[in-house]
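Side chains are part of it too, since the values below use all heavy atoms of this structure and drop only hydrogens, waters and symmetry mates.
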Amino acid sequence: MAEIIILGAGLTGLSAAYHLEQLGKQDYQIFERDSTIGGLCRTVQQDGFTFDYTGHLLHLNNPYFQDLIYNLLAPENFNTITRRAYIYSQNTYTKYPYQVNLFGLPAETITACIQGYLERPKLKNTKNFYQWAHKNFGAGITKYFLAPYQNKIFAYDIRKVSDSWTGRFVPQTSLSAMINGAISDQPEITQQIGYNANFIYPKSGGIFSWVEQLGQRIKQPIQTNHSAKTIDLKNKIITFTNGRTEKFKTLISTIPLDYLLKNLVEPSHSNLKILAPKLICNSVTNFNLGVNRPDLSNKHWVYFPEPEYKFYRLGFPHNFTNEAAPANCSSLYGEFSHVKKSPAYVQASLKTSLKQVKQLLNISEHEILTEKIIDIKHAYVIYNQWRDHNLPKILQTLADQKLYSCGRYGAWKYSSMQEAILDGKAVAENIIYADSR
Ligand SMILES: Cc1cc2nc3c(=O)[nH]c(=O)nc-3n(C[C@H](O)[C@H](O)[C@H](O)COP(=O)(O)OP(=O)(O)OC[C@H]3O[C@@H](n4cnc5c(N)ncnc54)[C@H](O)[C@@H]3O)c2cc1C
């Protein structure tokens, strides 16, 4: 028996293990369901192309995270890139963010966006994302971009989604910025708005290259092919699907919270298990193509708000690093979301997406050198009112029993690679410092 068990060797679990060791703690074990580490931050090499589990770009705004990344992989191993992101709507490519780049759209759309901004309702509180968008951006921007895009990426009615996640993800605007961006095409460099205006990306090996380094710094063996089946909270025993059992005093769980709750063996007074179905998230199907053409696109990524396109985003990894594709080739990733849909629906959506991409970018069948489809079962957590009210209590009830559920899906939230690393660090420190008190 180890004193501490970590479930999941995605970024949060790896970070927890790394930081426990940094704090001098070796008495722990880490288990991972899959045969490889990295969770969502993995990379597939196929036919000379490098595909991540959909677009993963590093946004560094925390000094500790920046130091750690550059310690794992020296700065010269990364490209530092200024975003070239676009929106495709009304048959036009406009720069991202939409609200400050209306140039090129039909005059009536620009008028509706500016007028809507001027007349935006002065709401004190907003009940959902739809109201929040009206309050902050007005009816035009909500109608033409924010509402259709967020409906599509969440695959969920945004009137049932709260606004508690918006913080750093939706860049604010001003009237002067809107007017400037409506009357002329703004150069990329003046559009440094939002959390993702700049990013870094590994020159080779895809996003997994720095995660692999993190894995190698961890001394304890990472026990892959161990999928936790039940977690007995009363007797503090985990049973894995391969029949192995492990006792623990403290559990760091980075596996999805809905799965954890569903598979809890609880003390009789506890009622957490029945809450599992209340936690809602969407799934994303990620399709990747290797294309035998050098200049498929000069953009980094493009958002597609309109419902006639099945996918909500396309990206071009060969523009993150020229090692993502062989010489004179390009690579592409696309994503569409779904909630509780049948395999037949997903297959049909994939077929439509691929057909639409080929039409839009004029890609012929003989140009496609390779194709990789990746299913991401837990992708975007849905922030509904139920989650906002009940999640803190659920996490606290678990923590009171020394089960720390953390990370993107452990804490059931919308967060980045940076936050996953910081979450793992925080849970390790909390456990060690609580023990020493
Ligand atoms: C579509 C999409 C795009 C994204 N793009 C970006 C981006 O551009 N930049 C950015 O910073 N972040 C991005 N992120 C977020 C980033 O991927 C996550 O914040 C981070 O990878 C979460 O790490 P984690 O360890 O918390 O979760 P995970 O990576 O999900 O790790 C959990 C681990 O637990 C394992 N596991 C699950 N069940 C069990 C079980 N029963 N037993 C044992 N192990 C189990 C899983 O196999 C997995 O390895 C994106 C996320 C998504 C969904």
Side-chain angles (χ1 to χ4, degrees), residues 1-39 214-215 217-276 279 378 391 393-412 420 423-437:
M1 173 188 137
E3 191 183 328
I4 303 169
I5 281 188
I6 302 171
L7 286 181
L11 283 188
T12 310
L14 291 173
S15 169
Y18 173 80
H19 288 99
L20 282 175
E21 291 187 8
Q22 294 291 306
L23 293 162
K25 190 84 180 170
Q26 296 294 336
D27 187 10
Y28 78 91
Q29 293 193 82
I30 175 166
F31 295 98
E32 164 58 44
R33 175 193 63 194
D34 291 345
S35 56
T36 48
I37 64 165
L214 178 60
R217 299 282 173 99
I218 294 169
K219 293 192 188 78
Q220 289 288 353
I222 299 168
Q223 305 192 53
T224 51
N225 298 311
H226 277 79
S227 178
K229 188 175 159 202
T230 56
I231 296 98
D232 181 341
L233 262 187
K234 192 165 166 233
N235 300 303
K236 304 232 161 159
I237 299 174
I238 299 169
T239 305
F240 293 92
T241 50
N242 60 13
R244 180 169 172 178
T245 57
E246 281 295 333
K247 275 186 100 55
F248 63 90
K249 278 191 187 158
T250 300
L251 178 61
I252 299 174
S253 173
T254 72
I255 70 176
L257 183 60
D258 58 343
Y259 181 89
L260 175 83
L261 295 183
K262 189 169 152 220
N263 293 290
L264 278 182
V265 179
E266 304 175 87
S268 52
H269 60 273
S270 178
N271 257 333
L272 291 170
K273 207 179 169 76
I274 55 166
L275 302 179
L279 294 168
H378 287 83
L391 184 66
K393 211 169 135 205
I394 295 173
L395 295 176
Q396 190 55 53
T397 307
L398 293 171
D400 290 345
Q401 299 170 77
K402 292 204 165 195
L403 192 171
Y404 301 99
S405 188
C406 52
R408 181 165 168 123
Y409 305 105
W412 207 252
D423 285 354
K425 175 175 183 279
V427 73
E429 288 173 350
N430 283 346
I431 291 168
I432 299 297
Y433 297 147
D435 277 359
S436 63
R437 258 180 240 136

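Judged by distance alone, with hydrogens and angles left aside, the side-chain atoms of Lys236 form a donor-acceptor pair with the main-chain N or O of Gln401 at under 3.5 Å. Side chain of Ser405 to backbone of Gly410: a donor-acceptor contact under 3.5 angstrom is found. Between the side chain of Glu266 and the backbone N or O of Leu272 there is at least one donor-acceptor pair closer than 3.5 Å. In this structure a side-chain-to-backbone donor-acceptor pair under 3.5 Å is missing from Tyr28 to Leu20.
Between His226 and Phe240, the angle of the ring planes goes over 60°, which puts this pair in the perpendicular group of the 30/60° scheme.
Residues Tyr404 and Leu395 are not in side-chain contact: their nearest non-hydrogen atoms beyond the backbone lie 4.5 Å or more apart. Side-chain contact between Leu14 and Ile37 is present, with heavy atoms from C-beta onward closer than 4.5 Å. For the pair Ile4/Lys249, no side-chain contact is recorded, criterion being any heavy-atom separation below 4.5 Å from C-beta on. A 4.5 Å side-chain heavy-atom check between Leu251 and Leu398 finds every atom pair outside the cut-off. By the 4.5 Å heavy-atom criterion applied to side chains, Asn242 and Asn225 are not counted as neighbours.
Here the shortest heavy-atom pairing between Ala276 and Leu261 reads CB-CB, 3.9 Å. For the residue pair Lys247 and Ile237, the shortest heavy atom distance occurs at CG-CG1, 3.8 Å. The minimum heavy-atom distance linking Lys273 with Leu264 is given by the pair NZ-O, 3.1 Å. In this structure, Tyr259 and Ala228 approach most closely via the heavy-atom pair OH-O, 2.8 Å. When every heavy atom of Ile222 is checked against every heavy atom of Ala9, the shortest pair comes out as CG2-CB, 3.8 Å. Scanning all heavy atoms of the two residues, the minimum distance from Ser253 to Leu260 falls at OG-CD1, 3.7 Å.
Side chains of Gln22 and Arg217: no donor on one and acceptor on the other come within 3.5 Å. There is no side-chain donor-acceptor pair under 3.5 Å between Gln220 and Gln29.
Each of Ile238, Ile30, Ile252, Leu403 was checked for a side-chain contact (heavy atoms from CB on, under 4.5 Å) with Leu7, and the lone residue meeting it is Ile238.
For Lys25 and Glu21, the salt-bridge test fails: no basic side-chain N is under 4.0 Å from an acidic carboxylate O.
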